[in-house]
Structures are given as structure tokens and as C-alpha cells.
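Computed from a predicted structure; not experimentally measured.
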Amino acid sequence: MIAYSEFTLNNGLQVIVHEDPTVQIAVMNILYNVGSRDERETKTGFAHLFEHLMFGGSINIPNYDEPLQRVGGENNAFTNTDITNYYLTVPAANIETGFWLESDRMLSLSFDPTVLEVQRKVVIEEFKQRYLNQPYGDIWLKLRPLAYQHHPYKWATIGKEISHIENATLDDVKDFFFTHYIPNNAILVVAGNVKVSQVKELAEKWFGPIPSGKKHVRQLPVEPIQKKKRFLEVNAKVPADAFYKTYHMPGRFDEHYFEVDLLSDVLGRGQSSRLYQKLVKEKELFTSLSSFVMGSIDPGLLVISGRLKEGVELARAEGEVNSVIDELLNQGLHEDELQKAKNQSETTFEFDEVEVMNRAMNLAFASLSGDVSRVNRERSMMDRVTVDDVTRAAKEILTEENSSVMYYKASQ
């Protein structure tokens, strides 16, 4: 159980406090409810660009890192399809420095053209190095638009193409900032060796004066039900052929999410899973093979991916993967398989709650569901899943017409 208190400032900023007097640190986690799904298709990569810009100086503080490091703090951030998340850790006595820094960049960035140019170059270089020039780096640039044809999950968080970042203007940047980086689109979690009364006082002092913005109403296109299998073959200079298969599935806060999450674990989490046992160990067709769920807020994907042994045909590999799936569909799964998957997830839950920062992040993310208490209910939600639930989910989701397959072939 993660104990917490919550309150909301007049400007709409949601604040969650988790007291833990057993640690000497305090952490701040600010989740902005904006990800790559909130971008326009002609201007992608902005959420990720902002992850960089937010460290390039705010309206009254030219350098974010320096004052934080002077008080023994450290920080980082990440962006995905759904959220942009900033977090910092400081000795508990220095938590006000965190409030000062984070409130100033929520108030406004510096919007220095030089900073934009520097960070633009950094992001473009990252796009080239990690996604275009690295073996298998462009997998999601190709697989996303195969699986999604309407919803903005069809482009990767880095962006659809480099030109969108190259052509981003200062006006584009300002518009994106004042649409999404506003108090009423953010969740602040303060955790560690702090008191609720202390956090209330600091939140009012530093964040209270920031004006709320016009609340962005999300109107995303819904991905229609897929009714026909999709296929793509790619040739690239990579060490080995790779196989990818995706299935559409419910989103992260859907009541059936954990059924599919556990199904993916039974199929392909770890070396004792069905796919690994049959096709890596026994038949030696793959050198690696796993399945996982994307965990996105809107309807997501269950993904099966693996690299083939030399000489194995991709069509044969796909047929063997389908055989393992068919066996599960026809014969069901065993109670002990499901229990093992639950035990693995339970271990993940336990590990997640060791670090106070992870607890802060989990509180922030759970609040996006509309109910922070979900953070303490997810274990029991998962535990209630039965063999029949997983079998039903498998029959609904693991159909050929609901799949997208990519053969990623190594060029000769």
C-alpha cells in the first residue's frame, strides 16, 4: 500500500503527497498529460523535443541543472506516446529548490532561439543515431504505421520524420508549450521525507501564482477494429532476420488489460514461457523470442518479436509461432502457468515500490485513470484474473485478422 494525500490548487494543478520518514531524500515528479499522441501529424516529435527544451532554461532561470546540482540534487525526464514526465531527487532539506526550479519552467520557458537551435540539433542527431543508423533502430518507425492507420500511435515518440523537427518554428514551440505545459494539465507528486502541510505551503507559494491555461480537449481519432491481417517485408543491413507480430488489445486502464498482460507473459516472458521453450530451446528456430504489451493508455498492442537462427525461413518461423498460439487457443492454459505469470508480476510490483521515486511515478500515472487509489488496487485486479478470463481474452485478440506482421530481413 502506498499512503498518500491529495489536493488541487486553484489553478488546477493536482498535487499528491506521499510521506516516507524512513528516507533522507525528497523527490518531485511532474507528469504533464501530453505525449506524442497529442501532436499533429504534420508536426510530430514535439513532445520529445520539449523533454529537451525544458532543460534549456526557463523565464527566470537560465540554467536548470546547475542550481539543482549545487544542493545535491539530480534529475531526468522521459517522454512516450501518452505522457511527458520530469523528476528530481534532492536531500529532503533542499526540497524548496525543486519547487523553485519546476515552477519557473511551468510558468514559461525562456524561448531563446539559440536554445531551440541547440536542442533541435540534439534531437535530429538522436533520430539519426538511434533510429536510422542503428541496426533494427527503425523497427517502430515501420511497425507503428502498419498496426495503426488512424490513431496517432501510428508515429513513434521521436517523430514521424526528421523534417518535422527541422522545420519547427519558435511560434510552433510556444503554441505547444502554452497548450500542454500548464498547471491544469499537470500532476505534481512530492514524496519522501516531507510533510503534507509543508508541501501545501510550498505548492501554494511556488505554483499557486501560475495562471491556468485553456484546458486542452483531446479528440483523437479512434482506431477502427482491424478486420484483415496486414503484412510488411523490409530489407536492411542487420545481423539476422527478425520477426514481429502485433495484435490490438485494450488500453492500460481498461478492465480487461491485465488479462492480456498475463496472456503475453504466459506466451513470452522469460525462458520458461511457451514461445521460448518451444521455438528457442526445443526447435532452435529463434535465438531470442518474447512477447510483451505496450501498456499505452489508449488501445495498445500485444507484440511478439524475435530474431531467427541463420538459415530459418521467416515464413516457417511465423508458422511455428502460430502453432504455439493455436495450441493455447485450442487447449487453454494451465492454472500453474497463470500463477507463475502472476508471481512474476507480483515481483515487479514489489520491486517498483522499493524506491520512493518509483512510488511517486506510480501515483502520478495512476491519477491519469481518474482515481489515484488505483495504484493500490492493481495487484488485486491482477490477482482476480482467472484461467477462463485469459482464455477468453486470447480468443478475442489472437486472431489473424487482428494481426500485423513484419518480416525484417537481413540484406545479403
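- Using a 3.5 Å distance cut-off with no hydrogens or angles, the side chains of Trp155 and Glu39 do pair a donor with an acceptor.
- Both tests hold for Arg105 against Tyr64: distance to the six-membered ring centre under 6.0 Å, angle to the ring axis within 45°.
- The pair Arg359-Asp20 meets the salt-bridge criterion, since a charged nitrogen lies less than 4.0 angstrom from a carboxylate oxygen.
- A salt bridge (Lys or Arg N to Asp or Glu O under 4.0 Å) check over residues 361-374, counting only residues at least two apart or in different chains, returns the pairs Asp371-Arg377, Arg374-Glu378.
- Nearest heavy atom pair, residue Ala191 against residue Ala360, reads CB-CB, 4.1 Å.
- Residues Val372 and Ser367 share a closest heavy-atom pair of CG2-CB, 3.6 Å.
- Ring geometry for Phe99 against Phe207 counts as perpendicular: the plane angle is over 60°, on a 0 to 90° scale with 30° as the lower cut.
- A donor and an acceptor atom, one from each side chain of Ser373 and Asn376, are nowhere located under 3.5 Å apart.
- Asp82 and Tyr153 are linked by a side-chain donor-acceptor pair at a separation below 3.5 angstrom, with hydrogens and angles left out of the test.
- Taking the charged nitrogens against the carboxylate oxygens, Glu353 and Arg379 do have a contact shorter than 4.0 Å, which makes a salt bridge.
- Applying the ring pair (Phe, Tyr, Trp, His ring centres under 6.0 Å) rule to pairs touching residues 334-371 yields Phe253-Phe365, sequence neighbours excluded.
- In this structure, Phe55 CZ and Leu109 CG are separated by 11.0 Å, a value rounded to the nearest 0.5 Å.
- The closest side-chain donor-acceptor pair between Thr169 and Asp172 falls under 3.5 angstrom.
- Looking at Gln14 and Thr8, their side chains never bring a donor and an acceptor atom within 3.5 Å of each other.
- A salt bridge links Arg274 with Glu337: at least one charged nitrogen is closer than 4.0 Å to a carboxylate oxygen.
- Both the sub-6.0 Å distance and the 45° axial angle are not jointly satisfied by Lys281 relative to the ring of Tyr276.
- With no hydrogens or angles considered, a side-chain donor-acceptor pair links Ser272 and Lys340 at under 3.5 Å.
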Donor-acceptor pairs under 3.5 angstrom involving side-chain atoms of residues 177-190: please list them, not counting sequence neighbours.
residue : atom : partner : partner atom : Å
Thr179  : OG1  : Asp175  : O            : 2.6
Asn184  : OD1  : Gly213  : N            : 3.0
Asn184  : ND2  : Gly213  : O            : 2.8
Asn185  : OD1  : Lys215  : NZ           : 3.3
Asn185  : ND2  : Asn33   : O            : 3.3
Asn185  : ND2  : His180  : O            : 2.9

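- Aromatic ring centres of Tyr148 and His248: separated by under 6.0 Å.
- Sequence neighbours left out, not one pair with a member in residues 280-303 passes ring pair (Phe, Tyr, Trp, His ring centres under 6.0 Å).
- Electrostatic pairing of Lys245 and Glu400 counts as a salt bridge here, judged by a charged N lying under 4.0 Å from a carboxylate O.
- Side-chain contact between Thr79 and Ser36: absent, with no pair of heavy atoms (C-beta onward) separated by less than 4.5 Å.
- Here salt bridge (Lys or Arg N to Asp or Glu O under 4.0 Å) pairs that include residues 186-201, with residues two or more places apart or in two chains, number zero.
- When atom types are taken as modelled, the side chain of Thr391 and the backbone of Gly332 share no donor-acceptor pair closer than 3.5 angstrom.
- With contacts defined as side-chain heavy-atom distances shorter than 4.5 Å, the pair Phe258/Val260 does not qualify.
- By the 30° and 60° cut-offs, the orientation of the rings of Tyr32 relative to Tyr86 is perpendicular.
- Remark: the Asp138 side chain and the Tyr408 side chain contain an N/O donor-acceptor pair separated by less than 3.5 Å.
- Using a distance-only test at 3.5 Å, with no hydrogens or angles considered, a donor-acceptor pair links the side chain of Asn167 to the main chain of Ser163.
- For the residue pair Glu259 and His256, a side-chain donor N or O sits within less than 3.5 Å of a side-chain acceptor on the partner.
- Both the sub-6.0 Å distance and the 45° axial angle are satisfied by Arg307 relative to the ring of Tyr136.
- Checking Asp65 against Asn75 by side-chain atom types alone, a donor-acceptor pair falls below 3.5 Å.
- Side chain to side chain, Thr44 and His164 meet the donor-acceptor criterion of an N or O pair below 3.5 Å.
- In this structure, His18 and Ile2 have side chains that are in contact, with non-hydrogen atoms separated by less than 4.5 Å.
- Here the side chains of Lys142 and Leu232 are in contact, with some heavy-atom distance below 4.5 Å.
- Nearest heavy-atom pair across Gly208 and Asn11 is O-ND2, 3.6 Å.
- Between Ile210 and Leu13, every side-chain heavy-atom pair lies at or beyond the 4.5 Å cut-off.
- In terms of heavy atoms, Leu363 sits closest to Ile16 at O-CD1, 4.0 Å.
- The pair Glu282-Lys278 fails the salt-bridge criterion, with no side-chain N (NZ, NE, NH1 or NH2) lying under 4.0 Å from an Asp/Glu carboxylate O.
- Among residues at least two apart or in separate chains, salt bridge (Lys or Arg N to Asp or Glu O under 4.0 Å) pairs with a member in residues 156-167 are Glu41-Lys160.
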